[in-house]
2 protein chains.
Amino acid sequence: MDDIALPRYLEIRRDIQNRIASGELRPGDAIPSEHELKELYGCSRMTVSKALSALTSEGLIQRRRRAGSQVAMPRNAQTVLKIHDLKAEITASGRAYRCEILSRAKRAPDAAEAARLGQPVAEILALELVHYADALPYAVENRLMNLAIVPDAVSADFSETPPGTWLLNEVPWTDAEHIIRADIASAALARRLAMAKGAACLVIDRRTWQGGVIVTAVTLHYPAARHQIVSHFSPGGSFGA
Amino acid sequence: MDDIALPRYLEIRRDIQNRIASGELRPGDAIPSEHELKELYGCSRMTVSKALSALTSEGLIQRRRRAGSQVAMPRNAQTVLKIHDLKAEITASGRAYRCEILSRAKRAPDAAEAARLGQPVAEILALELVHYADALPYAVENRLMNLAIVPDAVSADFSETPPGTWLLNEVPWTDAEHIIRADIASAALARRLAMAKGAACLVIDRRTWQGGVIVTAVTLHYPAARHQIVSHFSPGGSFGA
DNA sequence: CGCCTCATTATGTATAGACAAAAGAGGTGA
DNA sequence: TCACCTCTTTTGTCTATACATAATGAGGCG
């Protein structure tokens, strides 16, 4: 693995990352000032600055004017969770995707739905559907869409393109919240997911906003026996060696 | 909210973010070239470049030489999951933390443990413990530590500082994997977590590596009734107004 | 028609220099 | 001792410029 082609600022960034990862630089330790690093690496201050800025935005180091840079305190383990679009997730695994719409209603939200939405919404489209991978039920989806933001949803046909996929392509979002929990399948849910009543479900509640206004609230129930969330994480991409 | 103090490149970045979030710029749309933007905003190309680079690393736009910049295709919803240190998590919520070590063994991994570790490890420290928040069991932890990486673990007392916290402060890591799933509590687990047998558990499997070598593999069982994972996400921080 | 070459264009990296802003360090005076 | 002021260091931002690099498109040639 020759690093000859790597740009200078990435080399510097990787070098410092390695020094932190190896324990040579420990949390709280001071990192040489830009002036010193510029001499050390034989480049301009801007180049050093670019490397250190990247490390800062990754949370690996902290910088303060006059006080200098230091290795950040051990961070909470954090990981980036990619919540795939269901249709893409299923077809990507080589299985046939199909969804069945159980109910569809355009109405004002009831009390429970208003609580889920978290803010006053005049009119929603409420959907209940089951996603299938090949013949096997994959997940049950319960979705509320704010018609003030996505009026087109009333005329959309969600049998081909499920609402999650449709929304992703239709509406940009600015904020999202995920709640992941576990639950026991009720009799009705177990029947729909072709699982034993009383077995475990993985539940994901997702809410999405556009500039402070709620776009959609969705709850997905997965049979625990057939689904888990996997996530890999390397801070700052790849380390050298 | 006056933006007067905002540096130029952040202003530009936010402006383009807003244009994308509002739908004015849709996925696939071309973004003016740096040369055009530099005239538009009346600043140097470097400043424009800094703004666009930030947007690129956030995945909001894509850039190709000669071809220019364009709004990225709708991304999979992704969220940053902070896996808090258990002790910090509990004490932060104002409850008293305590942990009880059920078993502790220094030995070679058995077949199942070797599979969990995913690579040959000569000697491990295997721990089983229960975390309490006030008097209530919070989670059961089952941890394997690679003694080749953390030999000091054998002499550490984990009754005050639990192994997760201890490792976080002791060992830098370069890669992590999380698997989140749901399960039903076995009789033994239910007893330890003071929950009903047959109730749901949220399970987190975490593995951590340092430069390709496994450091630790840990499984945490939470009672579903008392625990869920919450995560908020705004791509690129905050949007303006 | 296909392929090669070359010029063009936009981004990517790097530099030197400049000023602004934050914050620690030290001194002064009450 | 403490409040306040100034000095200095270090980071943060910005500019103008330069050259490298990737990709596209046009033109020419067989």
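Letters A, B, ... are given to chains in the order of the sequence lines, protein chains preceding strands, and every chain is numbered from 1.
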Starting at [atom1] of [X] and ending at [atom2] of [N], how long is that distance when rounded to a whole Å?
X: Arg66(B); N: dT24(D); atom1: CZ; atom2: C1'; result: 4 Å
X: Leu6(B); N: dA20(C); atom1: CG; atom2: P; result: 19 Å
X: Lys38(B); N: dA16(D); atom1: NZ; atom2: C1'; result: 9 Å
X: Met46(A); N: dG12(C); atom1: CE; atom2: C1'; result: 13 Å
X: Gln62(A); N: dA22(C); atom1: CD; atom2: P; result: 18 Å
X: Glu34(A); N: dT15(C); atom1: CD; atom2: P; result: 13 Å
X: His35(A); N: dT11(D); atom1: NE2; atom2: C1'; result: 14 Å
X: Leu37(A); N: dT11(D); atom1: CG; atom2: P; result: 8 Å

Fill in: Distance-only side-chain donor-acceptor flag, Thr219(B) / Arg116(B), under 3.5 Å
yes

Among the candidates [options], find the nucleotide nearest to the side-chain atoms of [X].
X: Arg64(B); options: dT10(D), dT15(D), dT24(D); answer: dT24(D)
X: Tyr9(B); options: dG24(C), dT13(D), dT11(C); answer: dT13(D)
X: Arg63(A); options: dT15(C), dT13(D), dT11(D); answer: dT11(D)

**Asked** In terms of side-chain geometry, is the basic nitrogen of Asp205(B) or Arg181(B) positioned less than 4.0 Å from the acidic oxygen of its partner?
**Response** yes

Over all strands shown, is Ser53(A) touching base, sugar-phosphate only, or nothing at heavy-atom distances under 4.0 angstrom? nothing

dist Ser231(A):OG -> Arg206(B):CZ (nearest 0.5 Å) comes out at 11.0 Å

With Arg45(A) as partner, the option from His35(A), Glu34(A), Glu39(A) fulfilling side-chain hydrogen bond (donor to acceptor under 3.5 Å, both in side chains) is Glu34(A)

Closest non-hydrogen atoms of Gly164(B) and Glu141(B), given as atom of the first, atom of the second and distance, are N-OE2, 4.3 Å

Exercise for the section: Go through the N and O atoms of the side chain of Arg45(B) and the base of dG12(C), and report whether any donor-acceptor pair is under 3.5 Å. Expected result: yes

(message) Check this for me: does the side-chain of Arg65(A) come within 3.5 Å of the base of dT11(D) through a donor and an acceptor?
(response) yes

query: Does the side chain of Ser69(A) get closer than 4.0 angstrom to OP1 or OP2 of dT10(D) through an N or O atom?
result: no

Q | Presence of Thr47(B) side-chain N/O under 4.0 Å of dT15(D) phosphate oxygens OP1/OP2 | A | yes

